[in-house]
S.K.: 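Just dropping this structure here.
In what follows, chains are A, B, ... by sequence order, proteins preceding strands, each numbered from 1.
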4 protein chains.
Amino acid sequence: MSQLSDRAYSLFEEQQKIRGIDVEVVKRKMKSLKIETPSWGYGDSGTRFKVFKKVGVPRDPYEKFEDAAVVNQLTGACPTVAIHIPWDKVENFGALKSHAESLGLKIGAVNPNVFQEDEYMLGSVTNADPEIRRKALNHLIECVDIMKEVGSDILSLWFADGTNYPGQGHIRQRKQWLQEALDQTYKKLTPEMRMLIEYKFFEPGFYHTDLADWGMSFNAASKLGPQAEVLVDTGHHAQGTNVEHIVAYLLDEGKLGGFHFNSRKYADDDLIVGTTNPYELFLIFYQILDALAYGDDRARRSAENIAYMIDQSHSIEPKIPAMIRSVLNIQTQYAKALLINHEELQEAQRKNDVLGAEHAIRSAYEIDVTPLLVSIREEQGIPHDPMRAYLDSDYSKKIEARGVGGSSW
Amino acid sequence: MSQLSDRAYSLFEEQQKIRGIDVEVVKRKMKSLKIETPSWGYGDSGTRFKVFKKVGVPRDPYEKFEDAAVVNQLTGACPTVAIHIPWDKVENFGALKSHAESLGLKIGAVNPNVFQEDEYMLGSVTNADPEIRRKALNHLIECVDIMKEVGSDILSLWFADGTNYPGQGHIRQRKQWLQEALDQTYKKLTPEMRMLIEYKFFEPGFYHTDLADWGMSFNAASKLGPQAEVLVDTGHHAQGTNVEHIVAYLLDEGKLGGFHFNSRKYADDDLIVGTTNPYELFLIFYQILDALAYGDDRARRSAENIAYMIDQSHSIEPKIPAMIRSVLNIQTQYAKALLINHEELQEAQRKNDVLGAEHAIRSAYEIDVTPLLVSIREEQGIPHDPMRAYLDSDYSKKIEARGVGGSSW
Amino acid sequence: MSQLSDRAYSLFEEQQKIRGIDVEVVKRKMKSLKIETPSWGYGDSGTRFKVFKKVGVPRDPYEKFEDAAVVNQLTGACPTVAIHIPWDKVENFGALKSHAESLGLKIGAVNPNVFQEDEYMLGSVTNADPEIRRKALNHLIECVDIMKEVGSDILSLWFADGTNYPGQGHIRQRKQWLQEALDQTYKKLTPEMRMLIEYKFFEPGFYHTDLADWGMSFNAASKLGPQAEVLVDTGHHAQGTNVEHIVAYLLDEGKLGGFHFNSRKYADDDLIVGTTNPYELFLIFYQILDALAYGDDRARRSAENIAYMIDQSHSIEPKIPAMIRSVLNIQTQYAKALLINHEELQEAQRKNDVLGAEHAIRSAYEIDVTPLLVSIREEQGIPHDPMRAYLDSDYSKKIEARGVGGSSW
Amino acid sequence: MSQLSDRAYSLFEEQQKIRGIDVEVVKRKMKSLKIETPSWGYGDSGTRFKVFKKVGVPRDPYEKFEDAAVVNQLTGACPTVAIHIPWDKVENFGALKSHAESLGLKIGAVNPNVFQEDEYMLGSVTNADPEIRRKALNHLIECVDIMKEVGSDILSLWFADGTNYPGQGHIRQRKQWLQEALDQTYKKLTPEMRMLIEYKFFEPGFYHTDLADWGMSFNAASKLGPQAEVLVDTGHHAQGTNVEHIVAYLLDEGKLGGFHFNSRKYADDDLIVGTTNPYELFLIFYQILDALAYGDDRARRSAENIAYMIDQSHSIEPKIPAMIRSVLNIQTQYAKALLINHEELQEAQRKNDVLGAEHAIRSAYEIDVTPLLVSIREEQGIPHDPMRAYLDSDYSKKIEARGVGGSSW
C-alpha cells in the first residue's frame, strides 16, 4: 500500500478499536462474503423500447463464463455464476461445467425460463391450458436434472405468470396450479438442493402476479418443506416497502433463501445495486448480521445460507464494469454494516432511546470503508481498485474482437 | 313503487333473465348482506392538522348507538355496531348492551386501543419496556372479558406498533413479542370467539409497522389457530396493491376474517368506501362470491363468515349521512357483483379469451342496479332512498340539540 | 331496435328528462366525439421480456390502415389514424394518404421516433453529443415535412430522453438542449399545425426523465407559443396522481392539447383504456365537459380542440378487438359524463355540501348508458354491438392469411 | 483537537488535495450554510392518532426562541427562526423580536395558518364561501404586516386547501380564487420581501390539493412576479418523484425560493431530514452547488438566495436533540456535496461515460466528512459534537422544570 493508504488504514483501525470494533473479525467476515453473478448480466438487455447491442458482448455461455471469471479475479468475491435455461442451454453441460472450473468458477443457481416461449403468453404453470402447464412443469424438472449435471444446488424460480385484466384468470385456481407445479418440482430435488421462490409485485402481469409478494412465496415455501425458501429481489416491491423488514421477518422464520440484488427508484428498474438508495442495502445487511449474531438457531442458519446473487439488466452500461461496480457496492455496504456496534445499538433500543439507536446505526453507515477494503484486497492479492484494473486491462480491449451482436440476456 | 320504477325493475328483471341471472336469488343474497358500522364513525375525527367539531355529534356511547340505529332502520343492513375500548368504555356494559338491543342492535366487534395512552408512544405489545407490554396485554385480555359482557364474538386487533427510524427497534425481537401477546390473548378466547388481526402498511410508524402486510397477519394467525384470521382494511396497502388478489388468496387459505371498508387514493385516507375507485370494491366482491360458489369447504366457510365492517374517519362529512352513503355504496357494488355470470366468465377463462373474460366481469359492473335495490327496499319496507329519507327526517334536526363538542372518535 | 332495447331506451330517456338532461343534446355531443387510433396499436408489441407474435398482424402501414378502417366502420368514431416515423415510413407518403382516404380515413398525428436508433441510447435531443442532438432535431423537422405530405396538423412528441443514474447527465444543460430542439422544430410548423408535448414519469429513464411531468411540458410549451400544448398520457404519472386535476389545470391555462389514452395500475402498463379504474376516465371527461360549458374562452377553446388519441401496447390481446373495446370504453365514460347535471352539482359545491356534490357526480357515473349508445349506433347505421359484429365478421378471419410475423409496433 | 482527530483531518486534507478539492474553499462554504429552524419544531406534535406530550416543551413563543438559541449556539448554523401565525402570535411582536435578538437570533420566515380555524374545514382561499376567502386573505395580509414588525423578509405559504371527493369542489374555480388571493397578498409585499409558495401532493385533502405539485406553485409564482418563488418541502411528493430534478429545474428557471427539509418513506412523514435516504439530500445539494458554480445569472442568483428551512413533526423525539440532529445531517450531506469534483464529473458526462459519471458523484458521497466538520467547529469555537454537548448540558435538565403541557406545534 502507498504511504497515504497505510496511514488511512492505521487510522481506520484505531478509530474502530475506540468504537469497540475488532477489525480482524470484520476482515474475516468480509473475505467470506461471496456474490454470485448472473450469466445473463454479461449479455445485452434493454427495455421494451429497445435492446441496444454492445461491442464485446459474449456470444455464447462459454464466453459469459470467461467474463465472469475476470470479475471474480478482480474482486475475489464471485466464484459462482448463475445460469438461465434455455439462454445457457448447451449440448454438453459437463463441458460447460469443466470450462467454468478451468476458469476457477462453479455454476451456481439454475434459473428455469418459462416466459419466453409462445405458449407462455398467458401463463406457464398457471396457464388455463393443462398442456401448457405440463410443458412448464417438465421444464422445471429438466432444470433439476441440469442442476445434477452441473453440480448446482440452487433452483431459482421466477414466474412471469399473472394477468393483465380483472377476470382474465381465476386467481384461486391459478394459486392452486402454481402450488401443484412447485410441489411436483420439489419432489425431484435431491437432499442437498434448495428451491428459492421469487415474488414480484408486477410486470409482465399488469393486473395481478400469481406470486406477488413475500407472503405468497413464503406460504408456498412453507407448504413445500425445509428445502424451499424465499428469494428476495430487491426491486420487486411496491413503492415504499420496507425491504429490510421483510428480510428480518423471513430470517426470523428461517425462510430467507437468497437475494437478487439490484437497484430501483420506480418499478423493477434493474439498475446497478446500491446506486439509488445505498442506505437501504446497508440496512438489509444490518438485519442479516443481527440475525447471524443474535438470532436463534433457525434465524442464524437461514442467515448463514443466504445466496447473494446479482440480477440486473445493464441496458446502457458496459457489462463487465457494471458487474464489478455492483460487487464493489455490495462490499461497501456490507463492510459498513459490519462496523455497527450492536451492544451500543441494543442498549439504546432497550432504553427506548430513539435518537441514540438511530445514531448507532447511521454512524456506522457514515464511515468511509475504503481503507478497510483496500487492506483486504492487499491481503488477498487482488487490485486495490478492481474497476481501474479492469479498465486498464487487456481483457477490456480483447473482447472488442467479439464485435456487436452477442447474446441477448 | 312509482310507475317509472316499476318499469325500470321489470326491464331489469327481463334483462337479467336473458343474461342468465336469477334475480330472486340475487335479492335473497342482497338481503342477507349485513354491514357493521363503527361507533367511532359517528364521532368527530380528523387529520393531524385539525379535528373539526361538528354540531350533533353523539356525546357518549349511548348516543352513538342511537345514531347507528337510525342507519340500521333506514338501510335495513346494519344490525351490529363495533365498539372501541376505551372510547366506548362505560360503567356498565350490560346497560350498553340492553340499550343496543332496545334499538334493534347488537354489539359487534370489540376493538382494543393500545395506542393512545402515553406509555404507548413507542409501542404497546412490542414496546422494549416489559411493563408496557404487560399493560397492553392486560388491556387485550380485558377486551375479551368485555366481549363476554356484551355478547361480542369478534376481537378486532389493530396495533399502531412500529418505528420511525432505522435501528429504533429490534425488528425480530418485536415480532416475537407481538406473537407472544397474540398467543396469550388467543388463549383467553371462548370457542365461539374469533380474533381478527389487522395489518397496515404505515402510519403512525413511518419506518416500519410490526404487522405491515397481509403476510405478517396471516402468518401470525396461522400460528395461533383456527379462531384467528386476517382483517383486511382496504386502505392499508401500498400504492398499486391488488387488494382483491389478497382477498382471493386469504379466502383460498380459509383465513379471511373480515374487512374494514373505506376508500383511499393516497395513504390511509379513510374516506367513504367506494368513492375513489368503486370498481375495486366490486372486484373484491367478485372474489368473495366466486369463493362462495366455487371454493372448497375451507374457502367457502371463510367467505360465509366474513365480517363486513366500515372503518372510516369522517373529517369533513356529516356523520350519519356519511355512514348511510357508505352502506349504499357497498350494497351497490355487491349487487353488481351478484350479476356476474360466472359460467360465461369461467368459459372465457378456460379458453384463455382475455377480452371475453374481462368483458364478462365489466359488463356486470356497468349495470345500473338502482331498480334492484329499490325493489329490495320496497320488499323490506324501508325507504327507497335512505339518504333522502334521513335528510328529510326529524332525527337529523333533533341531534342538533346535542350542540358542538361530542365524542372525538 | 329490438323491443327490449326500445323499452330500455325510452325508459332511459324519461329518466334523464326527470334528471334534467336533454338526451338529444347528449346524443349530438356523443356523435361528435372522435377518437384517433394509433397505427402501432395494430402491430405486435410486448414487454421487455417478450414480444409475442400474433397471427393476422398487419405487415406494413397499408395493412394497419385497413385494420383501422374496420374499427372506424364498426364504431363510427375513429376517422383518423396516428402514424409513427419510421415505423410507418413509406416510399411514398402521398400513396399512403390516398390509401387512407380510400378507406374513409385521414392521417392524424405524426409521431417522431428518436429512441430506437443506436445513437439514441443515452438520449436524443438531450444527448451530450452534439452530432446526435442534430440528428434527432433533423428527424423532428423531417416529421414536420411528412405532416405536410400527409395532411396532418398534429406533431406528437414523446422523448425517451432521461438518465439511469445520478450524475449521468447534466440535468439543467439537458433541459436547455431540449428547449432548443423544441424551439427549432416549432419554427418549422405552419400556422395550422400544433405541437403536442408529452411527459412521462419514468421509463426508459430510471433515474430521471427530461420531461418528467405536466409542469415541464407545460413550461416548455408556454415558452414556445400558442401552437404548442401539453399531451397527457393517462399512464405517465406517479402513483396516486390526480390526473383529472391536471386536465382541469391545463384546460384553465388553455394548454391541454390532447390525450394518449390507456390504462394502468402500476407503471406505464399501456393496457386498454378504462379497464383498471373506469371512474378516473369518467372524471377526466367531467373536467373537460365542465370547461366546455363553463370555461372562459381560453379554457373552452382548449377543450374543443383536444385530440383524443389511444396509445396502448396490446401485448396479449388480439389487436383489432382491443382497439374496438378501447373505443367503446371511452364512449361509455364520455356518455356518463354527459349525464352529469352541472346545475345540481354546482349548487352543492356553492353550498359546501360535500356529500351532495359527490353524489351529483357519482349518480351520473352509475347510470347504464347502453340504451343511449345503442340508440346512437342505430341512428348512425352501425352495429349495436361493434365487438360482436367484428368477431362475427369475415374480416377477422381474412386477416389470418397474413400469418405470423407482422409489424412490431 | 485530539491527536487522533488531528491525524484524521490532515489525512482528509491530503486526500482531498489529491482529488483536486480545495479544503479551504469547502470550509468557507460550509461556514456560510445557514439553516432556519421552525418555532413549531420545538413544540409537541404528533399524528392524527395522538399527540404525545413531552416534558420540557416550551410553553410560549419566547421559550421556543430560547430553545432555538441553544441549537444555534451549539451548531453555529441556525441564526434565524421561522414563526407560525397564530401559533406564535404575541401581544407585542416588537418584544418577541427583541427577545430573539437578545438570544442572537432573528425572526425568519413568517408562516400564515389558514387551516385550523373552523371556517377553514372546506378550504381557505379556495373556499366556496366568499366570506371565508376574505377572512383567509386578511390573515395573509396580516402576516405581511407582522413581517414588517419582526423584520422578516420571507412569507412562507402553505395552503391545506383541497378536497376529499370528486365533485366536492370546482377545481378550475378554486385555482382562480387561489391566484387572486396570492395576487392580493403579493401586492402588499415590500420590495425586499419574498413570497415562497409551497405545494403538497396530498393531505389533508385526500382527493385533490389545490397546489398539488411544483408545476402549480411555479406557474402561480411566475404569474405574480420576481418576488414569488417556489418552496420545496422534501416530503410533499408522490412516491418515486425525483426531487433533485425538480430542484435543478426550478433553479434553471430562477424560481427556487427555499426548502422545507424533512424526511419521508411513505407519505408526508415529517421525520428528521436525512434519516430515510441520505443520498437524496446529497443529490439535492449537488444540484444546488452545480447551479452556483455553472448556472447562468438567473440560476446562480436563485441558488444563492435559497432559504434552507427545517419543517418536521417530532412526534416521538425529544425536540432540541431532534433539531440538532437535523442540522448535523444537513451539514453532513452539504459537506459531501462540496467534495464533488465537478470537472471530473462533467468530463464523464461529456463523454457519455455513464459509470464514470455515476462514480464521480458517489465517490464524494462515500467520503467521511467528520474530520472536516470537527475542524470547522474547532475554528468556530463550538463543540466538536454538538449533540453530545447538548445532552451533557445543564439546559437539557433545566427545561424539565417546564413540566408537561407545553405548546402543541
S.K.: Could you report the tightest heavy-atom contact between A/Gly356 and A/Ala348, atom names first, then the distance?
M.R.: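 Closest approach of A/Gly356 to A/Ala348: C-CB, 3.8 Å.
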S.K.: Do chain A and chain D have donor-acceptor pairs under 3.5 Å, and which are they?
M.R.:
unit_1	atom_1	unit_2	atom_2	d
A/Arg7	NH1	D/Glu14	OE1	3.2
A/Arg7	NH1	D/Glu14	OE2	2.9
A/Arg7	NH2	D/Glu14	OE2	2.7
A/Glu14	OE1	D/Arg7	NH1	3.2
A/Glu14	OE2	D/Arg7	NH1	2.9
A/Glu14	OE2	D/Arg7	NH2	2.7
A/Asn329	OD1	D/Arg362	NH1	3.3
A/Asn329	OD1	D/Arg362	NH2	3.2
A/Lys336	NZ	D/Glu366	OE1	2.7
A/Arg362	NH1	D/Asn329	OD1	3.3
A/Arg362	NH2	D/Asn329	OD1	3.2
A/Tyr365	OH	D/Tyr365	OH	2.6
A/Glu366	OE1	D/Lys336	NZ	2.7

S.K.: Which atoms form the tightest heavy-atom contact between A/Gly274 and A/Leu281, and what is the distance?
M.R.: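 Smallest interatomic distance, heavy atoms only, reads CA-CD2, 4.2 Å.
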S.K.: Between D/Val51 and D/Gly46, what is the shortest heavy-atom contact and its length?
M.R.: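 Looking at all heavy atoms of both residues, the closest pair is CG2-N, 3.9 Å.
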S.K.: Please name the pair of heavy atoms, one in D/Ala357 and one in D/Leu345, separated by the smallest distance, quoted to 0.1 Å.
M.R.: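 Looks like O-CD1, 3.5 Å.
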S.K.: Quick check: do D/Phe285 and D/Leu338 have side-chain heavy atoms less than 4.5 Å from each other?
M.R.: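 Heavy-atom side-chain distance check fails, nothing below 4.5 Å.
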S.K.: How long is the gap from CG on A/Leu33 to CD1 on A/Ile330, to the nearest 0.5 Å?
M.R.: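 So the CG of A/Leu33 and the CD1 of A/Ile330 are separated by 7.5 Å.
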S.K.: Go through the atoms of D/Ile18 and report whether side chain, backbone, both or neither lie under 4.5 Å from a heavy atom of chain A.
M.R.: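 For D/Ile18, the side chain is the part near chain A, not the backbone.
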S.K.: Would you say that D/Val26 contacts D/Ile21 through its side chain, given a criterion of any heavy-atom pair below 4.5 Å between the two side chains?
M.R.: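 They are in contact (side-chain heavy atoms under 4.5 Å apart), so the answer is yes.
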S.K.: Give the member of D/Ile272, D/Ile367, D/Leu11 that has the highest number of heavy-atom pairs under 4.5 Å with chain A.
M.R.: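 That would be D/Leu11.
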S.K.: If you count heavy-atom pairs under 4.5 Å between each of A/Leu355, A/Leu391, A/Val354 and chain D, which one has the most?
M.R.: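 That would be A/Leu355.
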